[in-house]
2 protein chains.
Amino acid sequence: MVNVTRRRRPTLDDVAAAVGVSRATVSNAYNRPDQLSAELRARVLEAAKRLGYAGPNPVARSLARSQSGAIAFMLDANLSIAFSDPALSITLDAFATAIAPGEHALVLLPGGVDGGPKVEQVMRAQADLMVSYSLSDKASCLQAVRDRGLPLVVIDEPYLPGAAVVGIDDRGGAEAAARHLVELGHRRIGVLAQDCMYGFPGGRRSRVEAEGSPFRINRERLAGYLDVLAAAGIDVDSVPIWEFTGMDREKAVAGAHTALTEEPGLTALLCMSDELASAATTAARHLGLRIPEDLSLVGFDDTPTARLLEPPLTTVRQDLLAKGRIAGELALRLLSGRKAPKPTKLPTELVVRSSTAPVNAGAKRR
Amino acid sequence: MVNVTRRRRPTLDDVAAAVGVSRATVSNAYNRPDQLSAELRARVLEAAKRLGYAGPNPVARSLARSQSGAIAFMLDANLSIAFSDPALSITLDAFATAIAPGEHALVLLPGGVDGGPKVEQVMRAQADLMVSYSLSDKASCLQAVRDRGLPLVVIDEPYLPGAAVVGIDDRGGAEAAARHLVELGHRRIGVLAQDCMYGFPGGRRSRVEAEGSPFRINRERLAGYLDVLAAAGIDVDSVPIWEFTGMDREKAVAGAHTALTEEPGLTALLCMSDELASAATTAARHLGLRIPEDLSLVGFDDTPTARLLEPPLTTVRQDLLAKGRIAGELALRLLSGRKAPKPTKLPTELVVRSSTAPVNAGAKRR
DNA sequence: TGGACTTACTGAAGCGCTTAAGTCACTGTG
DNA sequence: CACAGTGACTTAAGCGCTTCAGTAAGTCCA
């Protein structure tokens, strides 16, 4: 049996002493094999193995190199909620692939009360760079990032001077969604919005309230919707807007149910995410409303959910893989000391599936 | 405008010099406020602010304290795939909550070719403890963890001496699932299994192959199924088993389609996960098979998916929240220097919903 | 044969912080 | 008044590694 006495782990110095070389040589054996003879290197590695030395301590290495080798992702909510949005997994995966995996570790900072992670968590995070994943303008962690002087990559929001931003054409996408409904003849249209305000429960919102959302994406999408509706001669102040918070499916279904009950005259719903559209689909089914005959639904994002819905969802596609990949490239760029380029805005595209139809197709509205 | 010359960030020493105190005092101002007068502490903090010192460098602090303050999660696959399983988000969230968030950061190590993350990633990870999330017996990262001498918490698999393990009663759950079908009169039953073998595409497997899976959970669930079927007088060698790899929904649907076509006589499917059952549901619909009249389906895990399926899925429930929480508690325990307790095995429970019915209910089988 | 290179390694100065132990001036006490 | 006790700092020894500027011996070429 191996001796498992809890004695301290061997260090570079121990190996150096065992082989009878300097500490620098052992370090080189691991980091710059070309700096010593193959024979000596073999001896060093052999001694390391014999002593149970598992290679340079990552923390010490980080300190000596003045770089921690990690990138931290700041999330808007706890992990369970954050990952209930498939868009996050996809973006994160593309990001992780882009940053040359193995070179950088990925640290997750779950969100707390004001959206982002706690300031304290940011201050203590061992990371060379931070990523803001769809955070509110008000997230206090962003100032902490600034205070630490860390480079920042922003995915979607908020737009911040000095940060490298990648986002999508939210406004254009929203316009396309609304235009599609208008062209199908819809006039009584409702909006399902995500997180307009923090710390409030979901529910009906006035236009002014919704327009004051601390989430840039919400503001953009809403503006896109309302601009088109206004241009079509619809009184935008009469367009009902409901807010949904926290990505909780049960609550979203209940909220959509309430919305549909409150405004039975609606013929279409503009949903700021596919998840919301999914909840609306379920609520509509409960109410005996057929989609699209009785109610047309447009989503946003085109996550895998959209295609799986029954009926498949008309939605605004964004390229999540590209977004994640570009975010990764921006991270690498900032890490190499270069400046943030101008914000990247990826195109969006309306994908028409089966959840939308001309307004009077069914005409069986309560 | 602030001077943004790229000069080096101030350190503890700079603040100490500015205030005219020793470095230790500044350190105490941050870490042990009771060690200095409130007045001096205020002066220190004020000077820090003035100099743009954002608090102790986390890496240096880690080195000095000989602990990195992070916990690394080793995953079986890339992030996109790993998170397409809702069980991971839930478990991870419960884990993160349990380990006193803010005290420990969470590092994600995505899996590579042999399941777990690369050895190199493990060697470089700044973490005080590793978590094996449902890894194969063969994952090379596990030896790396051992080599580094890091404590290890295992969720589900593999069972490893010295590690703190939390899992569920996979076998009992599988038995309950199979018994349920047997009691409903089913005799022609197929098994949809997850990842029996690495590096092979999915497809039909012999019993021996499936029993040789490097995933303990697979072996347990399969054993649970087959034991009960055998006890019911069914020839287990004739029970068809299909393997699905990689959690890819499209492929899973296609695979289930193939399976159902290959063996048209089946009246029920035992699925090793709800995701697999979901794919089977879709495939069955494509084939015009009604659930449960023509085909009964039992899932495993009882993730949110199960309830959302049409029809709602009969499945084996496990308490993912408890599993994550217990894993977190185990992590804290190991971190405090205590030994790993005996493996925790959480109970499972069959939840009967609408995807199962007596075998001859429909009788409209091809 | 001697100067210019190259190869193979060493010395030592950090990287920025924590913390145990020590100092020193005061305070209260019998 | 001597002395233990306390509060408020300081000293200095690490934590374990990287890396730059040497140094010494060996190689090459004119």
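Chain identifiers are assigned alphabetically (A, B, ...) following the order of the sequence lines, protein sequences preceding nucleic acid strands; residue numbering begins at 1 within each chain. Treat the numbers as computed from the prediction; the structure is a model and nothing was measured.
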S.K.: Mind listing the N/O atom pairs, protein and nucleotides 7-14 of chain D, below 3.5 Å?
M.R.:
from, atom 1, to, atom 2, distance (Å)
D:dC9, OP2, B:Ser37, N, 2.7
D:dC9, OP2, B:Ser37, OG, 2.9
D:dT10, OP1, B:Ser22, N, 3.4
D:dT10, OP2, B:Ser22, N, 2.9
D:dT10, OP2, B:Ser22, OG, 2.9
D:dT10, OP2, B:Thr25, OG1, 2.4

S.K.: Whole angstroms only, please: what is the CZ-P distance between A:Arg43 and C:dA8?
M.R.: 14 Å

S.K.: Nearest whole Å is fine: how far is D:dC15 P from B:Gln126 CD?
M.R.: 18 Å

S.K.: Nearest whole angstrom, please: distance from the C1' of D:dC15 to the CG of A:Leu12.
M.R.: 13 Å

S.K.: Going by the rule salt bridge (charged side-chain N to carboxylate O under 4.0 Å, His left out), which residues pair with B:Asp93 if we only count those two or more places apart in sequence or in a different chain?
M.R.: none

S.K.: Under 4.0 Å, heavy atoms only, any strand: does B:Thr11 hit a base, just the sugar-phosphate, or nothing?
M.R.: sugar-phosphate

S.K.: Main chain of B:Pro33, side chain of B:Arg41: is a donor-acceptor contact present, judged purely on distance under 3.5 Å?
M.R.: no

S.K.: Out of curiosity, B:Met130 CE to B:Arg146 CZ, how far, rounded to the nearest 0.5 Å?
M.R.: 13.0 Å

S.K.: Check this one for me: any side-chain N or O of A:Ser27 less than 4.0 Å away from OP1 or OP2 of D:dT18?
M.R.: yes

S.K.: Less than 4.0 angstrom between a side-chain N/O of A:Arg61 and OP1 or OP2 of D:dG16, yes or no?
M.R.: no

S.K.: Tell me: CZ of A:Arg65 to P of D:dG16, nearest whole Å?
M.R.: 18 Å

S.K.: What is the nucleic acid contact for A:Tyr53, judged by heavy atoms within less than 4.0 Å: base, sugar-phosphate only, or nothing?
M.R.: sugar-phosphate

S.K.: Measure the distance from CG on B:Leu63 to C1' on C:dT18 and round it to the nearest whole Å.
M.R.: 10 Å

S.K.: Grab the CG-P distance between B:Asp13 and C:dC15 for me, whole Å please.
M.R.: 10 Å

S.K.: Got a sec, which residues hit ring pair (Phe, Tyr, Trp, His ring centres under 6.0 Å) with A:Tyr133, two or more places apart in sequence or on another chain?
M.R.: none

S.K.: Using whole Å, what does the distance between atom P of nucleotide C:dG16 and atom CD of B:Gln67 come to?
M.R.: 21 Å

S.K.: Can you measure A:Arg41 atom CZ to C:dT7 atom P for me and round it to whole angstrom units?
M.R.: 18 Å

S.K.: Salt bridge (charged side-chain N to carboxylate O under 4.0 Å, His left out) with B:Arg50: which residues, sequence neighbours excluded?
M.R.: B:Glu46

S.K.: Could you work out, with side-chain hydrogen bond (donor to acceptor under 3.5 Å, both in side chains) as the rule, every residue matching B:Thr11, not counting sequence neighbours?
M.R.: none

S.K.: Hey, can you pull the donor-acceptor pairs under 3.5 Å for the side chains in residues 157-164 of chain B, sequence neighbours left out?
M.R.:
from, atom 1, to, atom 2, distance (Å)
B:Glu157, OE1, B:Arg216, N, 2.7
B:Glu157, OE1, B:Ile217, N, 2.8
B:Glu157, OE2, B:Ser134, OG, 3.2

